[in-house]
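These numbers were taken from a predicted model, which means no experiment stands behind them. Lettering of chains follows the sequences in order, A, B, ..., and the numbering in each one begins at 1. These values consider heavy atoms only, across backbone and side chains, with no hydrogens, waters or symmetry-generated copies.
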Amino acid sequence: MEFLLDYGFFLVLLGLGFFSGRYMEKRHYRMLIRREAESDVMIFTDSTVPPGLGLKTQQLVVGSAVISNDYFKAVLSSLRKIFGGNIGAYETLLDRARREAVLRMKSEARALDAGTVINVKFETTSISKGKSVVTVEVLAYGTAVA
Amino acid sequence: MKRSNPIIPEGINAEPGARNEAAEFLRLVLALGIMVALAGFLIFNAGRLFGGLIPFSWEQALAGDQPDSRFGAAGDAAVTRRLQQLANRLTEARPLPQGMAVTLHYIDTERVNAFAGLGGHIYIFRGLLDQLETENAVAALLGHEIGHVAERHVVKNLSGAVLVQIAFAAVFGDSTALGGLGGEILRLEMLAFSRGMERQADSFALTSQEELYGHFGGYLELFAVLGRADEKDDSQAMSFLQTHPQSKSRAEQARILAREKGLGVTGDSVAWEAPASGAPDEE
């Protein structure tokens with residue numbers, strides 16, 4: 001009974017984090033793949049306009065995504081930090097956040113009738129500030145040209 | 001020709017997968033468990049080693065002269081004096097190391113327990129004392145607790161535990177989940193040490209019984225009483241989780257030792273009667 005009282009809450013959070021976190025992540029990746037395939041906006045990191053595209057308008061476009069890890073991944077990351085090595089939990093977090101931010105930036109560009117975004121850059125910020133469950137914001141921004 | 005960015009294959013920057021993560025989690029927990037058990041064993045042992053080097057006078061200074069009031073109100077002073085006199089007889093029969101002394105405290109609560117604290121303070125609770133019928137059994141109880149004092153078990157355990165806590169705080173920081181997991185593993189290790197210490201204290205008690213009475217009857221009476229208390233308490237069911245080995249196994253160990261030494265398990269006993277308040281001290 002004492003064991004349940006001491007660790008039951010932790011185990012419930014762990015289980016909840018594992019199953020709901022996996023489900024949310026799978027669902028998000030399915031959506032990302034579908035939207036990336038459907039998107040017709042091109043992005044370039046170079047600041048020059050690719051030849052042949054023309055230039056009528058330029059407009060700053062921004063995509064921002066804030067994503068958090070689940071409790072299971074937070075505990076897994078804490079364990080990994082003791083022994084060192086690749087923290088896969090954070091890699092998927094950043095991958096999802098980055099791709100989501102790019103898609104939102106592309107959506108802004110499409111709303112402006114721009115088919116191209118140049119000079120694309122990224123900014124990543126940790127919002128959780130030392131807490132075990134990590135939350136990151138990824139900002140993708142560039143110049144939409146039409 | 002319509003241009004487009006190429007579709008990047010999945011799994012380059014990140015590999016999502018529930019099975020991988022679950023396997024990694026189990027591997028890391030196992031590795032952590034082994035590391036904590038090993039490190040805890042070494043650190044706790046080191047703490048115990050250094051704890052034994054602390055002079056008894058420092059332990060007495062830390063504990064102070066007065067009993068710890070958290071355990072309950074002091075009981076009848078006449079009983080306390082009687083217990084102290086019996087303890088003095090035991091330490092005459094089997095002397096403590098130089099500079100050490102024990103101070104008895106009788107606590108007026110129904111708790112069925114007795115234990116040794118820092119600085120030679122020994123606490124006997126009314127709930128246990130009322131169930132012992134002979135002086136022999138009381139002497140066995142006191143002998144056991146005096147054994148803990150003589151072997152410096154309290155300060156050794158405290159040193160080991162403090163050192164382990166410092167080490168855990170340094171490694172795990174404020175991660176309460178990991179700290180709790182590691183602490184649970186260590187508690188099981190510390191229980192093993194505690195049981196070793198209990199056997200040492202039992203050995204001291206048996207030697208005292210042999211010196212004073214020439215048989216182990218009092219010791220067996222004590223563990224018959226504790227055995228009845230064990231049976232009533234369901235939480236004591238799994239012996240390997242207890243700080244004390246089960247009373248039945250300790251009584252059996254005493255019978256084996258009695259046979260080895262050629263001593264009896266029964267013999268003349270002196271009745272233990274609680275003195276009336278204000279009764280004159282015995283000679």
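- Using a 4.5 Å cut-off between heavy atoms, A/Tyr29 touches chain B through its side chain atoms alone.
- For A/Leu112, the side-chain contact (heavy atoms from CB on, under 4.5 Å) partners two or more places apart in sequence, or in a different chain, are A/Gln59, A/Val61.
- Sorted by first and then second residue, the salt bridge (charged side-chain N to carboxylate O under 4.0 Å, His left out) pairs involving residues 78-90 of chain A (not counting sequence neighbours) are A/Arg80-B/Glu24.
- Heavy atoms of B/Ile7 lying under 4.5 Å from chain A belong exclusively to its side chain.
- Among residues 93-104 of chain A, the residues having any heavy atom closer than 4.5 Å to a heavy atom of chain B are, in sequence order, A/Asp95, A/Arg98, A/Arg99.
- The residue among A/Leu13, A/Leu14, A/Thr116 with the most heavy atom pairs within less than 4.5 Å of chain B is A/Leu14.
- Looking at A/Asn86 and A/Glu91, their side chains do bring a donor and an acceptor atom within 3.5 Å of each other.
- Of the N and O atoms on the side chains of B/Asp202 and B/Tyr219, at least one donor lies less than 3.5 Å from an acceptor on the other residue.
- Not counting sequence neighbours, the partners of B/Ile8 by the side-chain contact (heavy atoms from CB on, under 4.5 Å) test are B/Ile12.
- With respect to B/Glu151 and B/Lys156, no salt bridge is recorded, no charged nitrogen being found less than 4.0 Å from a carboxylate O.
- Note: B/Phe25 and A/Phe18 fail the aromatic proximity criterion, with ring centroids not under 6.0 Å apart.
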